[in-house]
Amino acid sequence: MTVEQPDPKRGDIAVRLLDWYDGSARALPWRVLPGSAKRGDPYRIWLSEIMLQQTTVAAVIPYFGKFTARWPDVVALAEADEGEVMAAWAGLGYYARARNLIACARRVRDEHGGVFPDSEAALRNLPGIGDYTAAAIAAIAFDRPATVVDANVERVVARLFAIRETLPQGKRAIRAAAASITPERRPGDFAQAMMDLGSRICTPRNPDCPTCPLAEHCAGHRLGIAAALPAKPARRPRPQRRGWAYWVERDGAILLVRRPGKGMLGGMRALPGGAWDDELGPAPVETDPTGIAVQHVFTHFALELHLARLPAQSRLAGELAGEWWPIESLDGAGLPTLYAKAARAIAAAGPMEGS
DNA sequence: AAGACGTGGAG
DNA sequence: TCTCCAAGTCT
């Protein structure tokens, strides 16, 4: 790894960035704006950070409001019914986060007296909190000078220092460079400023360098290669999978099951159904194909989910352990998007005879 | 240490 | 339409 000589102006980067942030920080529900006398609430900062993992601010905002209204502090969340938390998370994706959220809240309650630890190391040991989140909470909630590196920071720093190494190999150099510009004062604002800059100006495509407060310090900009950084490996193609889901209806209610705790949509309510494979097998015996299918794209595969009616009194339906959920209040069942979409498709096809 | 793990918005 | 990707973590 090549370590560059410290730029005499390097210390100026944080100053410039914080000045920009002071005038341009976005107001976000979990954020304490610069200049405010208020102190950030570790619970809300933690919750927002977990929700923001791989998720856009716009998607998080309504969920954050819903969670904080219902569970105003970490102990309240620790005491919550797991199923209710999972249902409240439905639609946000990456459901392991919700499982870890509950586990983390309970650890904070049981091992830390209901108070979030304030060190990066202690935070890092909590479920769902990795390198990034531990540093972010330490910096933002506790004013610790932690080096916060997320995808925004990686992009900004790779450009600022013209680090051409492809990710993930380049992460070491990027982290070192990020550490070299992280200030002792206002580390939390600095981290948030880097992320704001990355999401609003130093964007993945078409960075708006003319308005960037760091442009004159940016080696990538000077070399005309900013937009191309950081280099990333090519993606793998996304396979297509197919499977059956069953619509079991009785007295205006449908049968919902709970998916296993790990794996896809783990711990979430779902329509019963079969495995997902490369090819669509024949509709299982006793089922009556509807001809309706929904297409849904996950991160590493696409799914074509075919829907079949299954008589409530059938042997197969009898073997399904689940709960009967009133169709008219299906919105409140907390179904992940795949199954919400499937239910919507059935409803759109019009009412059918119960069996 | 790659691959698993959701979803919706932007270009 | 299609590709990229967003405040990553876990195994």
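Letters A, B, ... mirror the listed sequences (proteins, then strands); counts begin at 1.
In terms of phosphate contacts, A:Y95 brings a side-chain nitrogen or oxygen within less than 4.0 Å of OP1 or OP2 of B:dT7. For the OP1/OP2 pair of C:dA6 and a distance below 4.0 Å, the side-chain nitrogens and oxygens of A:Q54 include no atom meeting the criterion. A sub-4.0 Å separation between OP1 or OP2 of B:dG6 and a side-chain N or O of A:H296 is absent. Considering only side-chain N and O atoms, A:T56 lies nowhere under 4.0 angstrom from the phosphate OP1 or OP2 of B:dG9. In this model, the phosphate group of B:dG6 is not approached by any side-chain N or O of A:R97 to a distance below 4.0 Å at OP1 or OP2. Distances shown here put a side-chain N or O of A:H300 below 4.0 Å from the OP1 or OP2 atom of B:dC5. For the OP1/OP2 pair of B:dG8 and a distance below 4.0 Å, the side-chain nitrogens and oxygens of A:T337 include at least one atom meeting the criterion.
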Requested in this report: Mind running ring pair (Phe, Tyr, Trp, His ring centres under 6.0 Å) on A:H300 and A:F298 for me, showing each step along the way?
Outcome: CA-CA 6 Å; A:H300 58 297; A:F298 295 111; 7.6 Å; no

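Counted within 6.0 Å of CD on A:E319, heavy atoms from surrounding residues, nucleotides or ligands total more than 12; the atom is thus considered enclosed.
In this structure, CZ of A:R344 is placed 11 Å from P of B:dT7, rounded to the nearest angstrom. Distance, A:L101 CG to C:dG8 C1': 15 Å, rounded to whole Å. Rounding to whole angstrom units, CE of residue A:M51 and P of B:dG8 are separated by 15 Å. Atom CE of A:M268 is separated from atom C1' of B:dC5 by 13 Å (rounded to the nearest Å). Between A:W276 atom CH2 and B:dA4 atom P there is a gap of 14 Å when expressed in whole angstrom units. The distance from atom NZ of A:K341 to atom P of B:dG6 is 14 Å, rounded to the nearest whole Å. Residue A:L167 contributes atom CG, which lies 13 Å from atom P of C:dG8 at whole-angstrom precision. For the pair A:Y63 OH and B:dG8 C1', the interatomic distance rounds to 11 Å; values are reported in whole Å.
Using a 4.0 Å heavy-atom criterion, one finds that A:G198 contacts no nucleic acid atom at all. Using a 4.0 Å heavy-atom distance criterion, A:R259 is classed as making no nucleic acid contact. Counting non-hydrogen atoms under 4.0 angstrom, A:P336 reaches the backbone sugars and phosphates but no base. Residue-level contact check: A:A151 touches the backbone only, with heavy atoms under 4.0 Å from sugar-phosphate atoms and none from bases. Using a 4.0 Å heavy-atom cutoff across all strands shown, A:W46 reaches no nucleic acid atom at all. A:G263 comes within 4.0 angstrom of sugar-phosphate atoms only, judged by non-hydrogen atoms across all strands, and of no base. Using a 4.0 Å heavy-atom criterion, one finds that A:M195 contacts the bases of the nucleic acid, with or without backbone contacts as well. Across all strands shown, A:V60 has no heavy atoms under 4.0 Å from either base or sugar-phosphate atoms. Base contact: A:L28 has a heavy atom under 4.0 Å from a base atom.
Taking the six-membered ring where tryptophan is involved, the planes of A:F67 and A:W89 are perpendicular, since the angle between them exceeds 60° and thus also 30°.
Between A:R205 and A:S48, the residue anchored nearer the 5' end of DNA chain C, judged by the nucleotide with its closest heavy atom, is A:R205. Projected onto DNA chain B by closest heavy-atom contact, A:N206 and A:L338 fall at different nucleotides, the more 5' of which corresponds to A:L338.
The pair A:R200-A:D196 counts as a salt bridge, with a side-chain nitrogen and a carboxylate oxygen less than 4.0 angstrom apart. We find that A:R99 and A:E82 are not joined by a salt bridge, their nearest charged nitrogen and carboxylate oxygen being 4.0 Å or further apart. At a threshold of 4.0 Å, the pair A:R70-A:E84 counts as salt-bridged, since one of the basic side-chain nitrogens sits closer than that to a carboxylate oxygen. Salt bridge status for A:E120 with A:R124: absent, with no side-chain N to carboxylate O gap under 4.0 Å. Residues A:R175 and A:E154 are not paired through a salt bridge, judged by the lack of any N-O separation under 4.0 Å between the basic side chain and the carboxylate.
Side-chain N or O atoms of A:K341 include none that pairs as donor or acceptor with a backbone N or O of A:P336 at under 3.5 Å.
In the interface, the side chain of A:T55 is paired with the base of B:dG6 through a donor and an acceptor atom under 3.5 Å apart.
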Would you tabulate the nitrogen or oxygen pairs shorter than 3.5 Å linking the protein to nucleotides 9-11 of chain C?
residue, atom, partner, partner atom, Å
C:dT9, OP1, A:G130, N, 2.7
C:dT9, OP1, A:G130, O, 3.4
C:dT9, OP1, A:T133, N, 3.0
C:dT9, OP1, A:T133, OG1, 2.7
C:dT9, OP2, A:D131, N, 3.4
C:dT9, OP2, A:Y132, N, 3.2
C:dC10, OP1, A:G128, N, 2.6

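Distance from the side chain of A:F298 is smallest to B:dG6 among C:dA6, B:dG6, B:dC5.
No donor-acceptor contact under 3.5 angstrom links the side chains of A:Y21 and A:R26, judged on distance only. Of the N and O atoms on the side chains of A:Q53 and A:Y132, not one donor lies less than 3.5 Å from an acceptor on the other residue.
Taking the P atoms as reference points, C:dT11 lies 14 Å from B:dG6, given to the whole Å.
Using a 4.0 Å cutoff on non-hydrogen atoms, the parts of residues 233-242 of chain A near DNA chain C are A:R235, ordered by number.
In this view, A:H306 and A:W244 satisfy the ring-ring contact (aromatic ring centres under 6.0 Å, His included) rule, not counting sequence neighbours.
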